[in-house]
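A short write-up of the structure that comes next.
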Amino acid sequence: MSIIVEVKKLAYGGDGIAALPSGKTVFVAGGIPGDKVEIETVSEHPKYDNAKIVSICEPSPNRVNEQCPYAGICGGCGWQAMDYETQLKWKQQFILDSLGHIGKIESVESLVRDIMPSARQWKYRNKIELVPTFESGKMKLGYHAQQSDEIVPIDSCMLLSKSHASDPKSIAGALRYLKADSYDLKRVGIRASSRTGSTQIALWTAPGQFPRKAAADVLGDAARVTS
């Protein structure tokens with residue numbers, strides 16, 4: 001059974017907090033303060049429930065369109081639907097709550113300066129780590145899904161610089177050519193420096209033989225890898 005609630009605030013970790021008609025607290029995955037949403041209970045506990053959004057009846061004024069094509073399923077960037085200023089506000093509040101409620105520190109507002117906003121909300125990371133998975137029998141690379149061990153295959157990542165955003169697709173293709181799945185590939189790291197232009201690929205595999213020279217040559221051609 002679904003019901004309609006209004007999200008009032010955020011919990012540490014990002015879930016929205018609302019109240020059921022009974023007064024019981026419910027944590028709403030993906031909810032933003034100000035949202036009026038139709039929800040469906042996922043799990044029940046003595047003092048609270050967890051729920052997912054079925055539909056958004058009235059969006060929060062702080063809700064924005066998500067830019068990433070994997071938003072909502074990938075676990076990498078959970079707050080894309082919230083405007084940046086509101087993100088900073090809640091991150092600041094989490095710091096104050098941790099110091100005050102958990103650390104028992106008084107007058108925490110006087111101790112914490114305002115968060116300095118970043119000049120870049122996207123394309124700012126120099127390192128990501130991906131996990132191999134299979135889609136229609138073809139090996140791809142991806143991130144863990146939200147609150148799940150499942151892997152979301154991706155072809156690009158908006159966290160990497162523009163010149164490296166499509167590296168996940170290129171590197172996955174190179175690894176398929178190398179038949180890297182036969183070496184029990186566990187994880188793939190991409191480290192790219194916008195300052196020096198260098199790109200490093202790290203591969204985690206089971207112990208044993210691995211075609212290092214062939215991998216270096218193929219990856220070097222696929223993604224301009226320098227090490």
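If you're wondering where the values come from, they're calculated on a predicted model, not measured in any experiment.
F94 and W90 have tilted rings, their planes meeting at an angle from 30° to 60° on a 0 to 90° scale.
Counting only heavy atoms from C-beta outward, the side chains of R63 and I56 approach each other to under 4.5 Å. Counting only heavy atoms from C-beta outward, the side chains of V5 and V37 approach each other to under 4.5 Å. Annotation: side chain of W79 is not in contact with side chain of T86 (no heavy-atom distance under 4.5 Å). Between K140 and R176, the closest side-chain pair of non-hydrogen atoms falls below 4.5 Å.
Under a 3.5 Å cut-off, the side chain of S110 and the backbone N or O of S107 do form a donor-acceptor pair. Between the side chain of K52 and the main chain of G30, no donor-acceptor pair closer than 3.5 Å is present. The closest donor-acceptor contact from the side chain of R120 to the backbone of W122 lies at 3.5 Å or more, if one exists at all. When atom types are taken as modelled, the side chain of E135 and the backbone of P153 share no donor-acceptor pair closer than 3.5 angstrom. When atom types are taken as modelled, the side chain of Q92 and the backbone of I115 share a donor-acceptor pair closer than 3.5 angstrom. Side chain of D35 to main chain of S60: a donor-acceptor pair is present (N/O by atom type, distance under 3.5 Å, no hydrogens or angles). Remark: side-chain polar atoms of S166 are not paired, donor with acceptor, to backbone N or O of S156 under 3.5 angstrom. No side-chain donor-acceptor contact under 3.5 Å links Y70 to the backbone of C157. Side-chain atoms of Q87 come within 3.5 Å of backbone atoms of M82 as a donor-acceptor pair (strictly under, hydrogens ignored). Between the side chain of S193 and the main chain of T196, a donor-acceptor pair closer than 3.5 Å is present.
Around the CD atom of E150, the shell of radius 6.0 Å holds no more than 12 heavy atoms that belong to other residues, nucleotides or ligands. Around the OH atom of Y177, the shell of radius 6.0 Å holds no more than 12 heavy atoms that belong to other residues, nucleotides or ligands.
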